[in-house]
Amino acid sequence: MRVLVSVTAPEPAIYMDTSQSGQNGRLGQLQERQHQYDPTFTDKVIAATGPNARPRVAQIMPSLVRHLHDFAREVNLTVDEWMSAVQLINESGQMSTDRRNETQLLCDILGLETLVDEITSKLLSSSSGVTPSAILGPFYRHDAPLLPNGSSIVHGLTPSVPWYDQAIADSAFITGRVLTPSGAPIPNAIVDIWHTAPNGLYEQQDPSQPDMNLRGRFQTDADGRYALYALRPVAYPIPDDGPAGKFLKMLDRRPYRPGHIHFIVSADGFRTLTTQVFDDRDEFITKDSVFAVKEELVVRFVARAGDEKARWTLEYDFVLGKEE
Ligand code: DHB
Ligand code: FE
């Protein structure tokens, strides 16, 4: 005999075969649920892939289809629920421009960019002692100006800027070396850096900042050293006025990222490192909405004396793995 045993939301209705009274644990329920659906369906969809699909596509799609179908069966996904997910993805595509990548934000909230970043870096490099990577995020711009070591990436800062006082209080000299895993300096490496203004906005999000503000590329000297003036980073919410924001609200989550500075460090013969460093003063360091924080990337700025251009110093070395 089959009876409907539960209709209360959010737990979906489940049919249980009451003739098997020993089977009413969680696993038994799951197995029972799956039995109500066509057991040949997933294989049919997988088998539809043609012989000319590229090898990597043919390799990964069966797994994607299997996980998607198992997910839908496991939660008894309804048409309304699936359609609202389609709507969310459509809205993020419609909202995305070269200044805003909403679909990437959705992935980041789900931890997907951090996960594929970890997978990619482990696949591509086996060297140990290399600086850990962190996600690129949606606000990188190519072709930031190449600046001499010792110069500043802070532009247009006058007392009329609303965040002037905080920029002065957070002014920082950032320096360090780019090294091989055995500690040898790497000269002529390029250190590409970007971060937000104290209002939490990257320059392309903020018409009041000059073009390419708080971005720059620096070339290491013969000792592998880079040096520049910038600002201590502040915590800020990822853009939450679109589908990613709706999604966070649905999950009862906050949109904040801890203060961080992005880097891409590259040098001939070495694997390019995309990473971020996180200021240890930040309360959101354990609550990053996109899950990018790693212990080795948490840094401490120390008070700086005798330099009218900066109140803080950060010394941070990057270790690059050999290209394999
Ligand atoms: C994300 C990453 C960032 O570095 C940032 O500043 C904002 C959002 C992200 O991963 O979505
Ligand atoms: Fe960022």
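Order of listing sets the numbers, starting from 1, for every ligand and every atom in it.
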S.K.: Got a donor-acceptor contact below 3.5 angstrom from the S92 side chain to the A244 backbone?
M.R.: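 Such a contact is absent between S92 side chain and A244 backbone.
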S.K.: Counting N and O atoms only, with roles assigned by atom type, does the side chain of W194 sit under 3.5 Å from a partner on the main chain of A144, one being a donor and the other an acceptor?
M.R.: no
S.K.: Using 4.0 Å as the upper bound for N to carboxylate O, is an ion pair formed by R281 and D170?
M.R.: yes
S.K.: Does E295, at its CD atom, have more than 12 non-hydrogen atoms belonging to other residues, nucleotides or ligands within less than 6.0 Å?
M.R.: no
S.K.: Group every Ile, Leu, Val, Met, Phe, Trp and Tyr by side-chain heavy-atom contacts under 4.5 Å, then state whether L231 and V161 land in the same group.
M.R.: yes
S.K.: Which protein N, O or S atoms does the Fe ion (ligand 2) have within a distance shorter than 2.8 Å?
M.R.: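 Protein N, O or S atoms closer than 2.8 Å to the Fe ion (ligand 2): Y202 OH, H260 NE2, H262 NE2.
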S.K.: Identify whether the distance between the nearest side-chain nitrogen and carboxylate oxygen of D241 and R100 falls below 4.0 Å.
M.R.: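 So D241 pairs with R100 through a salt bridge.
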S.K.: So, the side chain of T114 versus the backbone of F291: is there a donor-acceptor pair under 3.5 Å, distance only?
M.R.: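 Yes; judged by distance alone, with no hydrogens or angles, the pair exists.
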S.K.: Under 4.0 Å between a Lys/Arg side-chain N and an Asp/Glu carboxylate O for D317 and R225?
M.R.: no
S.K.: Give me the atom names and distance for the closest heavy-atom approach of L136 to E113.
M.R.: N-OE2, 3.4 Å
S.K.: Does ligand 1 have any N/O atom under 3.5 Å from a protein N/O, and what are those pairs and their distances?
M.R.:
from, atom 1, to, atom 2, distance (Å)
ligand 1, 4 (O), R257, NH1, 2.8
ligand 1, 4 (O), H260, NE2, 3.2
ligand 1, 4 (O), H262, NE2, 2.7
ligand 1, 6 (O), Y202, OH, 3.0
ligand 1, 6 (O), Y236, OH, 2.0
ligand 1, 6 (O), H260, NE2, 3.4
ligand 1, 10 (O), D108, OD2, 2.4
ligand 1, 11 (O), D108, OD2, 2.6

